[in-house]
Amino acid sequence: MRVLVNSNSDSLIAYNVLKKRIIDSGFCTLCGACEAACPTSALHIKGEKVHRLYDCSKDMDLCPICYEICPHSEALLLRSLSFVADAPIKNEALGYYRKIVLAQAVNPKLREQSHGGAVVTALLKYGIETKFFDSAIVSQAEPENPTKPKPSVALVPDDILSAIGSKFFPSSVAKAYGSAVYGHGKTDIAFVGVPCHVLALRKMEAWQHKIIGNLKITIGLFCFGTFSLSSLLEYITQKYKIKPSDIKGMHLSSKFEVQTENDVIQIPLSEIEDHILPSCRTCTDFTSELSDISVGGAYPLQDWSTVIIRTKAGEDFFYKAVENGIINTWVIEQEPKVFERIVVAAMQKRTEALKEAKEMEKVYGYLPVLLLRETEALAHIKIEEIMAKNIKTVPQDMTVSQFLDFVAKHHHIGYPIINEKGEPAGWVTLEEASSVAKKKRDATLVGQIARRKLVVAYPDETALDVFRRMSENETGRVLVFDRKNPKKLLGIVTKTDLMHTLTK
Ligand SMILES: Cc1cc2nc3c(=O)[nH]c(=O)nc-3n(C[C@H](O)[C@H](O)[C@H](O)COP(=O)(O)OP(=O)(O)OC[C@H]3O[C@@H](n4cnc5c(N)ncnc54)[C@H](O)[C@@H]3O)c2cc1C
Ligand code: SF4
Ligand code: SF4
Ligand code: SF4
């Protein structure tokens, strides 16, 4: 536990900042971490809002907890990232990881119910049955409204089976984590949540909160956003004449599907994006970059999930389930389309979030959570110390189809292109390649779609110089050239490298 310094100032009570910046500004995603972590039990989620039950400043002179562990505050981010930063691969779209595989539950009945690979359910059921953990935090469906998640402490396999499938509204899973510790006395807990839920738990870990020692493993879901429950259901009632009690399920494919007893209506995501919570618009994490194991869809493959294994704990547990015949796996390198879709979705989410954050800062005078801020620590680091020197390049006459296969095999998402003289002549990323229509990919060369403007750095510059240049040029990477020979490419630095440096 961190040491608190005594003070009489009311402004040192974190709740005041939490209320102003997060709750009243509409950035709360109702994870419940503040309620679980509050030392005076002052906070409580009721309806779609966090309430303070009494004035905690009467008991405490100073308390930073609820604001610091809130996933939408800027506190503790780099320390939270350090829990996964020993993984061998760091990818600017997907974060740190050890392996990516396609996976599915061996049991076909589970796959039928989940609309995906049912990997999460199969892993949790296996973990409870083998006593690898003693409980799991899941989001079941509210009996009277099956689309509404009911955060729960699963103690037996049936509790896990009744949580199968995704619910696209906020779930207070971190609050349920608190109940598992305080209410049920559980000591080895598995946790399932979207990226901001996982971030809240990592922040508690960074804070060394007393309840975090009971966490055994985190499974993070991919996430494009969650909807405001009251606002989306009201819209569906008005526009489609479907009452909340008539909705049997919701499902995300290329469109948003709403299922009733006799019908399925398909709604384009663009039609309902106004109902997505404000925090989701500035959220840069698509794949739950801080979890032990991340799980998401594997579009266009039916029945499969994509699994990103990030930590050693995640790897050991996942492969135990594979060895014991619970999970089937398949190599993602054989399915470049799946990899392409995930990377593009992650990059698009990040780019949109960064744009939106600039706008929101103007409105609120406060920038919601961003993983890398300008920091003086970067001024002490020379680019030559952190640049990647083992650079992979691609020839400018490589076709887009060949390039997409190349990306799936090598896991980086952007590469310098080299002209016929062997000199760097531009930069091509998976995002640009995947925007080429499928039927034109064999006939289009990467040289035709590459960005010709290179953002350049030199080895003797500081990481802060380069970070500023990245921000000015709205790019996540620079090429490092030899000052004496400006055509000689020495290395590459990405924003992820800068973050990695700070976590160290
Ligand atoms: C809000 C949301 C948005 C998502 N967006 C995307 C996306 O854009 N692209 C993509 O590829 N995948 C997305 N996913 C993940 C995807 O829908 C599946 O959850 C994931 O692929 C795991 O599939 P599975 O078959 O292994 O899960 P299952 O075996 O069906 O298990 C699902 C688990 O998710 C948990 N859960 C359900 N709803 C919630 C919730 N609201 N909050 C926290 N936990 C919950 C349940 O406890 C359950 O254990 C999203 C999920 C959610 C909840
Ligand atoms: S006592 Fe609870 S509500 Fe008050 S500042 Fe601390 S964590 Fe927040
Ligand atoms: S910790 Fe969670 S519930 Fe509390 S204010 Fe932040 S997002 Fe909302
Ligand atoms: S998009 Fe981000 S903030 Fe929104 S629910 Fe998903 S993880 Fe949380």
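The model shown is predicted, which means the values in this text are computed figures rather than measured ones. Hydrogens, waters and symmetry mates are skipped; everything else that's a heavy atom, side chains included, is used. Indexing begins at 1, ligand by ligand and atom by atom, following the structure's order.
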Checklist entry - ligand 4 versus Arg281, non-hydrogen atoms closer than 4.0 Å: side chain, backbone, both, neither? => result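 No part of Arg281 comes within reach of ligand 4.
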
Checklist entry - For ligand 3, which part of His72 has a heavy atom less than 4.0 Å away: the side chain, the backbone, both, or neither? => result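 Near ligand 3, His72 shows its side chain, while the N, CA, C and O stay back.
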
Checklist entry - How does Leu30 reach ligand 3, by side chain, by backbone, by both or by neither, if only non-hydrogen atoms under 4.0 Å count? => result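 Looking at Leu30 and ligand 3, just backbone atoms fall under 4.0 Å.
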
Checklist entry - If you measure from each non-hydrogen atom of Leu18 to ligand 2, which part falls under 4.0 Å: side chain, backbone, both or neither? => result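 For Leu18, no heavy atom sits under 4.0 Å from ligand 2.
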
Item to check | Part of Cys63 within contact of ligand 2 (heavy atoms, under 4.0 Å) | outcome: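 Near ligand 2, Cys63 shows its backbone as well as its side chain.
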
Next on the checklist: So if I count the atoms of ligand 4 from 1 in the order they appear, which ones are less than 4.0 Å from some heavy atom of Gly225?
Outcome noted: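 Those qualifying, in numeric order: 1 (S).
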
Checklist entry - Would you say Cys283 reaches atom 2 (Fe) of ligand 4 with an N/O/S atom under 2.8 Å? => result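 An N, O or S atom of Cys283 is closer than 2.8 Å to atom 2 (Fe) of ligand 4, so yes.
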
Checklist entry - Between atom 8 (Fe) of ligand 3 and Cys28, is there an N, O or S atom separated by less than 2.8 Å? => result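 It does: Cys28 brings an N, O or S atom closer than 2.8 Å to atom 8 (Fe) of ligand 3.
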
Next on the checklist: Using a 3.5 Å distance criterion without hydrogens, assess whether the side chain of Tyr177 forms a donor-acceptor pair with backbone atoms of Ile211.
Outcome noted: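 Indeed, once roles are kept as given, a pair shorter than 3.5 Å links the two residues.
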
Identify the closest protein heavy atom to [atom]: which residue and atom is it, and at what distance?
atom: atom 8 (Fe) of ligand 4; value: Cys196 SG, 2.3 Å
atom: atom 5 (S) of ligand 4; value: Thr226 OG1, 3.3 Å
atom: atom 4 (Fe) of ligand 3; value: Cys34 SG, 2.3 Å
atom: atom 3 (S) of ligand 3; value: Gly32 N, 3.2 Å
atom: atom 6 (Fe) of ligand 3; value: Cys70 SG, 2.4 Å
atom: atom 1 (S) of ligand 4; value: Lys349 NZ, 3.2 Å

Supply the atom-to-atom distance [X] [atom1] to [Y] [atom2], rounded to the nearest 0.5 angstrom.
X: Ser135; Y: Asn214; atom1: OG; atom2: CG; value: 9.0 Å
X: Arg202; Y: Leu77; atom1: CZ; atom2: CG; value: 13.5 Å
X: Leu81; Y: Tyr96; atom1: CG; atom2: OH; value: 5.0 Å

Item to check | Cation-pi check, Lys349 onto Phe224 ring (under 6.0 Å, within 45° of axis) | outcome: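 Relative to the ring axis of Phe224, which defines the angle, Lys349 lies outside at least one limit.
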
Next on the checklist: Show the atoms of ligand 3 that are less than 4.0 angstrom away from any heavy atom in Cys31.
Outcome noted: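 In order of number, 1 (S), 2 (Fe), 3 (S), 7 (S).
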
Next on the checklist: Check the orientation of Phe222 and Phe286. Use parallel for under 30°, tilted for 30 to 60°, and perpendicular for over 60°.
Outcome noted: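 Tilted, since the angle between the ring planes falls between 30° and 60°.
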
